[in-house]
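Here the structure is laid out as structure tokens; the discussion comes afterwards.
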Amino acid sequence: MATLTSQLESVNVMLGHIGESPINTLSGILPISATTALAVLNEVSKEIQSEGWHFNSEKNVALSPDTDNNSITVPTDAVQVDADDKSVDIVQRGSVLFNRTDNTDTFTESIKVNLVRLLDWDSLPEEARRYISLRASRVFQGRTVGSRELEALIARDEYQARSRLEESDYGNSDRTIFDNFDAATRIGINRNYDI
């Protein structure tokens, strides 16, 4: 039975790419190289997830104003937030939502938003784990060793992993060409025939 790649396995892949010995645990006092590898892995994970994928996106999430000051606090794991209703222009400012349409951070009712969440490692699909591991390996190797030859070898695997992640993400999201506004307009789906 196949198991998902653990964070420990990813760190060991990163260490292996620079010729370091694997470690047995991520707890306790770690060698400097392992601590650096784990930090890079977390940094790259946040970077990749911030792009917004089907696996870490949620639509129509209702956020309600706080009873104390009527502000809406953004969930701590949200890396992107956008109003579902396009007539409202909201942005995240600090930890609260700001209504740019009315120039206020005070809300009188709940608002539905689309969120991109930063998931912990154990919640990621395998394709994302693989891509994040390889991208982190390339970044880590570049920061510690700086070998162009190693970078090229890792980059090849990284690009293949990115392709598999995109293929999996697109397949799971059931998108079509008509989900893209530009493509739909070019082929005439949204054409105005009253002109």
Side-chain angles (χ1 to χ4, degrees), residues 1-59 61 63 73-82 91-97 113-173 175:
M1 179 162 126
T3 59
L4 298 174
T5 303
S6 69
Q7 215 172 14
L8 175 62
E9 289 171 316
S10 291
V11 167
N12 282 332
V13 164
M14 294 169 69
L15 292 172
H17 278 117
I18 65 164
E20 291 281 327
S21 299
I23 58 173
N24 295 323
T25 181
L26 291 176
S27 59
I29 299 174
L30 299 175
I32 297 284
S33 57
T35 302
T36 305
L38 183 58
V40 170
L41 183 66
N42 290 331
E43 172 191 336
V44 170
S45 180
K46 187 181 289 188
E47 175 192 343
I48 300 303
Q49 290 188 60
S50 293
E51 293 179 32
W53 299 85
H54 184 68
F55 65 82
N56 70 333
S57 300
E58 296 177 16
K59 294 187 178 282
V61 177
L63 298 179
T73 303
V74 177
T76 57
D77 63 348
V79 290
Q80 286 183 35
V81 60
D82 189 29
V91 294
Q92 181 177 349
R93 288 197 176 166
S95 63
V96 298
L97 291 183
V113 297
N114 299 324
L115 292 176
V116 173
R117 294 190 185 265
L118 181 62
L119 304 177
D120 65 351
W121 187 264
D122 293 333
S123 298
L124 295 173
E126 179 59 28
E127 293 86 358
R129 293 176 192 213
R130 175 80 175 147
Y131 174 56
I132 291 167
S133 296
L134 288 167
R135 183 175 176 98
S137 289
R138 186 172 56 81
V139 170
F140 176 63
Q141 183 282 138
R143 291 181 185 172
T144 56
V145 177
S147 166
R148 293 210 179 256
E149 292 81 15
L150 279 174
E151 181 179 359
L153 289 171
I154 300 168
R156 184 190 64 219
D157 293 338
E158 176 191 339
Y159 299 142
Q160 289 174 351
R162 170 90 185 192
S163 177
R164 283 191 294 277
L165 173 58
E166 288 175 348
E167 185 179 312
S168 170
D169 196 65
Y170 293 148
N172 289 333
S173 66
R175 293 184 191 118

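Excluded from the calculations below are hydrogen atoms, water molecules and symmetry mates; all remaining heavy atoms, backbone and side chain alike, are included.
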(request) For residues P75 and L115, report the shortest heavy-atom separation together with the two atoms involved. (result) CG-CD1, 4.1 Å
(message) Tell me the closest heavy-atom pair linking R164 and E127, and the distance in Å.
(response) O-CG, 4.2 Å
(message) Let me confirm one number: the OH-CG distance from Y131 to L124, rounded to the nearest 0.5 Å.
(response) 13.5 Å
(message) Please give me the minimum heavy-atom distance between S10 and W121, naming the atom from each residue.
(response) OG-CZ2, 3.1 Å
(request) Tell me, with the steps shown, if I23 and N12 meet side chain to side chain contact (heavy atoms under 4.5 Å, CB included). (result) CA-CA 7 Å; I23 58 173; N12 282 332; 3.4 Å; yes
(message) Could you check whether any side-chain heavy atom of P125 comes within less than 4.5 Å of a side-chain heavy atom of L4, counting everything from C-beta outward?
(response) no
(message) If I compare all heavy atoms of S137 with all of M14, which pair ends up nearest, and what's the gap?
(response) OG-CG, 3.3 Å
(request) Return yes if some donor-acceptor pair links the side-chain N/O of S123 with the main-chain N/O of L119 below 3.5 Å, else return no. (result) no
(request) Would you mind reporting whether V79 and R117 have side-chain heavy atoms less than 4.5 Å apart? (result) no
(request) Enumerate the residue pairs fulfilling salt bridge (charged side-chain N to carboxylate O under 4.0 Å, His left out) with a member in residues 31-44, sequence neighbours excluded, ordered by first and then second residue. (result) E43-R143
(message) Between Q141 and I154, is there a side-chain heavy-atom distance shorter than 4.5 Å?
(response) yes
(message) For a 4.5 angstrom cut-off between non-hydrogen side-chain atoms, does D157 reach Q160?
(response) yes
(request) I would like to know whether E166 and R162 meet salt bridge (charged side-chain N to carboxylate O under 4.0 Å, His left out); could you show each step before the answer? (result) CA-CA 6 Å; E166 288 175 348; R162 170 90 185 192; 2.8 Å; yes
(request) Pick out which of L134, T144, V145 makes a side-chain contact (heavy atoms from CB on, under 4.5 Å) with H17. (result) L134
(message) I need the R148 CZ to L153 CG distance, nearest 0.5 Å.
(response) 14.0 Å
(message) With a 3.5 Å distance limit and no angle check, can you tell me whether W53 reaches the backbone of A128 through a side-chain donor-acceptor pair?
(response) no
(message) Could you check whether any side-chain heavy atom of N114 comes within less than 4.5 Å of a side-chain heavy atom of V61, counting everything from C-beta outward?
(response) no
(request) Answer whether the closest heavy-atom distance between the side chains of L63 and L97 falls below 4.5 Å. (result) yes
(request) State plainly whether the residues E9 and R129 are in salt-bridge range, i.e. N to O under 4.0 Å. (result) no
(request) Output the distance between atom CD (Q49) and atom OG (S57), rounded to the nearest 0.5 Å. (result) 10.0 Å
(request) Determine whether K46 and L118 make a side-chain contact, defined as any pair of heavy atoms from C-beta on separated by less than 4.5 Å. (result) yes
(message) With a 6.0 Å cut-off (strictly less than), is the heavy-atom count around CG of N24, excluding the residue itself, greater than 12?
(response) no
(request) Would you please test T25 and L8 for side chain to side chain contact (heavy atoms under 4.5 Å, CB included) and show each step? (result) CA-CA 7 Å; T25 181; L8 175 62; 5.6 Å; no
(message) Between S45 and N42, is the side chain to side chain donor-acceptor pair (under 3.5 Å) condition met? List the steps.
(response) CA-CA 5 Å; S45 180; N42 290 331; 5.9 Å; no
(message) Determine whether V113 and D82 satisfy the following criterion, side chain to side chain contact (heavy atoms under 4.5 Å, CB included), listing intermediate values before the conclusion.
(response) CA-CA 5 Å; V113 297; D82 189 29; over 6 Å; no
(message) Tell me the closest heavy-atom pair linking A78 and Q92, and the distance in Å.
(response) O-OE1, 4.4 Å
(request) State the CZ-OG1 distance between R130 and T5, to the nearest 0.5 angstrom. (result) 7.5 Å
(request) Verify side chain to side chain donor-acceptor pair (under 3.5 Å) between S50 and Q80, making sure each step is shown before the conclusion. (result) CA-CA 7 Å; S50 293; Q80 286 183 35; over 6 Å; no
Would you mind writing out the side-chain donor-acceptor pairs for residues 29-41 within the sub-3.5 Å range, not counting sequence neighbours?
residue, atom, partner, partner atom, Å
T35, OG1, P31, O, 3.2
T36, OG1, I32, O, 2.9

(message) Does any part of the side chain of L165, heavy atoms only, come nearer than 4.5 Å to the side chain of F55, both counted from C-beta?
(response) yes
